[in-house]
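Here's the structure we're looking at; comments come further down.
All of these numbers come straight from a predicted model, not from anything done at the bench. Letters go in sequence order (proteins before strands), and every chain restarts at 1.
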Protein chains: 2
Amino acid sequence: MVSIKDIAKRAGVSISTVSYALNGNDKVTKETAAKILQAAEELNYVPHAAARLLKTKKSNMIGIFLTDFEGNFYGNLLQGVKEYVSSKGYDLLVCSGPQSRRLISERMIDGAIILDATFSDEELLQYANNGHKAVVLDRELQHPHINQVLLDNKAGATLAIEHLIEQGHDNIYAVSGPAGSYDALQRLRAVHQAIERVPGLTFTVLPGDFTKSSGEAAAQRIAAEYTRPAAVFCLNDEMAIGVYRYIRTHTDLVIGKHIHLVGFDNTELAQFIEPRLTTIDYSMPKWGALASEQLIKMLGGEPVENERIYVTLVQGASVTAATGT
Amino acid sequence: MVSIKDIAKRAGVSISTVSYALNGNDKVTKETAAKILQAAEELNYVPHAAARLLKTKKSNMIGIFLTDFEGNFYGNLLQGVKEYVSSKGYDLLVCSGPQSRRLISERMIDGAIILDATFSDEELLQYANNGHKAVVLDRELQHPHINQVLLDNKAGATLAIEHLIEQGHDNIYAVSGPAGSYDALQRLRAVHQAIERVPGLTFTVLPGDFTKSSGEAAAQRIAAEYTRPAAVFCLNDEMAIGVYRYIRTHTDLVIGKHIHLVGFDNTELAQFIEPRLTTIDYSMPKWGALASEQLIKMLGGEPVENERIYVTLVQGASVTAATGT
DNA sequence: TTGTAGGCGTTATCAC
DNA sequence: GTGATAACGCCTACAA
């Protein structure tokens with residue numbers, strides 16, 4: 001592998017001159033610089049990132065940590081992150097799994113974006129204490145080196161429940177999320193608040209874990225005890241899809257008539273399914289872009305405030321007005 | 001940041017002894033090793049990856065390069081790769097965009113998996129000539145440092161067309177893929193071969209680029225010239241979804257009756273859409289796992305052969321038998 | 001303007 | 001068994 005030493009030899013100068021020339025330092029004359037650049041070109045020199053990192057302590061890479069690679073849930077988020085960070089001269093590494101965390105502690109990346117419930121708060125705080133910067137998308141964590149960019153789960157869940165109530169529904173189910181999920185917890189809490197505001201509702205919480213199959217299980221339960229139209233708020237679209245699948249294949253009930261359904265995330269599938277799923281929408285790319293903006297500001301030592309991503313309700317035919325009582 | 005030097009000082013030994021102890025070399029006595037490990041623990045030492053890499057020339061990271069992060073097309077592939085490589089002690093970095101290529105040339109990763117048409121063959125060969133190992137999923141490239149794991153596009157496209165013909169269709173369209181795509185080229189070539197084998201078919205190729213909107217454009221064209229049932233083979237599911245969307249929202253034609261549709265990839269959406277899309281299926285995780293297996297073998301200096309991923313036809317109601325002539 | 005030298009955190013080769 | 005010491009490739013005062 002060719003190093004600056006080789007190119008120094010070929011250009012007949014010292015390695016420091018090469019380094020200067022390569023980094024565009026104007027201490028070196030145009031002629032020698034040209035000579036050096038040419039030599040570098042001829043040898044097709046590429047710098048060794050590790051060596052530079054060792055010295056400069058800056059990798060110009062940022063990492064985003066996801067629970068897994070499944071679903072196209074994250075595609076737009078990643079796109080948002082990538083575009084922003086590369087406009088700032090950073091590279092993006094997408095990471096998943098416990099092993100890849102060494103990228104943080106071993107200083108391969110300059111900062112991290114976390115959307116991965118398998119990180120514990122303690123672990124993250126530990127990294128922060130060791131000087132690593134991060135922005136978290138899935139929890140609240142107070143630390144000078146940690147910034148938050150969170151979904152407005154409360155608003156979303158409230159919109160969902162209020163929409164069902166406005167449509168005249170009074171037999172309401174919520175399908176919850178996995179135990180460790182911050183988003184699920186926030187949403188469920190808001191659901192309870194919205195429900196309690198209106199007297200006379202029948203309300204049931206069914207367990208769920210954000211997977212299709214848990215949606216199916218919930219649908220089975222709902223179908224089994226069906227006596228009158230039910231309104232179901234699944235805490236994410238994935239589970240709502242599970243409900244669709246079960247209701248359609250195992251019952252004679254009809255979504256949008258007997259079962260009224262609301263999801264959360266506005267995934268691609270939600271838009272294509274028939275009838276279209278009523279759900280909570282927000283901008284994934286914006287979420288990603290904002291998160292990376294915050295992170296890069298932190299890396300530059302700028303002060304940042306915690307941010308929030310706003311949500312809206314998109315209506316589909318999966319919810320219609322209740323007919324009489 | 002604490003380095004082995006610090007821990008050497010605290011344990012009252014030399015840095016080389018520390019290094020030995022940390023790497024589990026049995027040249028050092030149990031007692032000193034224990035003392036050193038404890039000191040490292042107390043200082044909560046973490047090794048600096050860049051320094052190690054500089055010395056050992058092994059990062060234990062492999063990179064997979066994708067054109068973009070969109071769609072959940074790659075989720076299962078990535079899962080397959082990740083599981084395999086982490087079982088072998090490697091980390092996976094998911095990369096996209098021109099900038100991230102420096103990970104290869106700057107030796108941050110030990111090897112690369114390429115599924116990104118924006119890499120040119122020349123560029124890849126250049127990397128290979130510089131000693132970098134790669135397995136390619138989207139082209140044929142002969143080089144001792146490059147291995148191929150390709151889809152059996154020919155079989156897939158042939159299955160698709162033959163299925164349409166068997167169902168009695170004789171008015172056949174193919175919606176092609178983007179210009180640079182190896183997969184698209186292979187599929188289209190096989191389509192032509194299958195078509196030519198049967199005399200008396202009406203056959204039209206429509207331009208496409210693997211996006212939904214190009215599918216919609218094709219559907220528009222097909223609907224405009226509609227006189228009798230048409231059988232359409234979209235070279236991927238994404239475009240087939242576009243066809244659905246256009247046909248459903250802009251025409252009175254019915255998929256599975258007037259328009260018979262086949263896709264390629266068996267994406268999640270294809271399974272949920274009504275009527276279910278007939279498409280070509282293959283195992284994404286297996287593709288990923290096989291690719292990484294080949295790569296890791298290459299890294300270990302083992303010889304490898306090019307591999308192929310087999311495909312099958314899955315039938316949905318988007319294609320039914322032609323009714324009379 | 002250019003060269004010398006030291007150091008970044010490791011590993012590895014020697015002596016002791 | 002343990003400890004100096006020289007790399008690895010690059011950057012950067014400081015000297016010349």
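For A:Val13, the listed nucleotide lying nearest its side chain is C:dG3; candidates were C:dT10, D:dT2, C:dG3. With D:dG9, C:dT2, C:dC14 as the candidates, the nucleotide lying closest to the side chain of A:Thr29 is C:dT2. Side-chain atoms of A:Lys5 lie closest to D:dC8 of the nucleotides D:dG3, D:dC8, C:dT2. In this structure, of C:dT11, D:dG9, D:dT2, it is D:dG9 that holds the atom nearest to the side chain of A:His48.
Using a cut-off of 4.0 Å between Lys/Arg side-chain N and Asp/Glu carboxylate O, A:Arg102 and B:Asp91 are scored as salt-bridged. With salt bridges taken as basic N to acidic carboxylate O contacts below 4.0 Å, none links A:Lys35 and A:Glu31.
On a pure distance criterion of 3.5 Å, a polar donor-acceptor pair joins the side chain of B:Ser16 and the base of D:dA4. Within 3.5 Å, a donor on the side chain of B:Lys55 pairs with an acceptor on the base of D:dA7, or the reverse.
The nearest whole Å value for the distance from the CG atom in A:Asp6 to the C1' atom in D:dC8 is 13 Å. The distance from atom CD1 of B:Ile4 to atom C1' of D:dC8 is 14 Å, rounded to the nearest whole Å. Taking atom CG on B:Leu53 and atom C1' on D:dG9, their separation rounds to 11 Å, with Å as the unit. Taking atom CD1 on A:Ile7 and atom P on C:dT2, their separation rounds to 14 Å, with Å as the unit. For A:Ile36 and D:dC10, the CD1 to C1' distance is 15 Å, given to the nearest whole Å. A straight line from NZ of B:Lys58 to P of D:dG9 spans 18 Å, rounded to a whole angstrom. Between A:Met108 atom CE and C:dT10 atom P the separation is 13 Å, expressed in whole Å. Per the geometry, CG belonging to B:Asn25 stands 10 Å off C1' belonging to C:dA12, to the nearest Å.
Stacking of B:Arg101 on the aromatic ring of B:Phe119 is recorded, both the 6.0 Å distance cut-off and the 45° axial limit being met.
Look at B:Tyr20 and you won't find any side-chain N or O under 4.0 angstrom from OP1 or OP2 of C:dT13. Taking side-chain N and O atoms only, A:Thr32 has a distance below 4.0 Å to OP1 or OP2 of C:dT2. At least one side-chain nitrogen or oxygen of A:Ser14 sits closer than 4.0 Å to the OP1 or OP2 atom of C:dG3. A sub-4.0 Å separation between OP1 or OP2 of D:dG9 and a side-chain N or O of B:Lys57 is present.
When heavy atoms are screened at a 4.0 angstrom cut-off, B:Val46 is found touching the sugar-phosphate backbone but no base atom. Across all strands, B:Ser19 comes closer than 4.0 Å to base atoms (heavy-atom distances).
More than 12 heavy-atom neighbours from other residues, nucleotides or ligands sit within 6.0 angstrom of NZ on B:Lys58.
Side-chain contact between B:Leu137 and B:Trp287 is present, with heavy atoms from C-beta onward closer than 4.5 Å.
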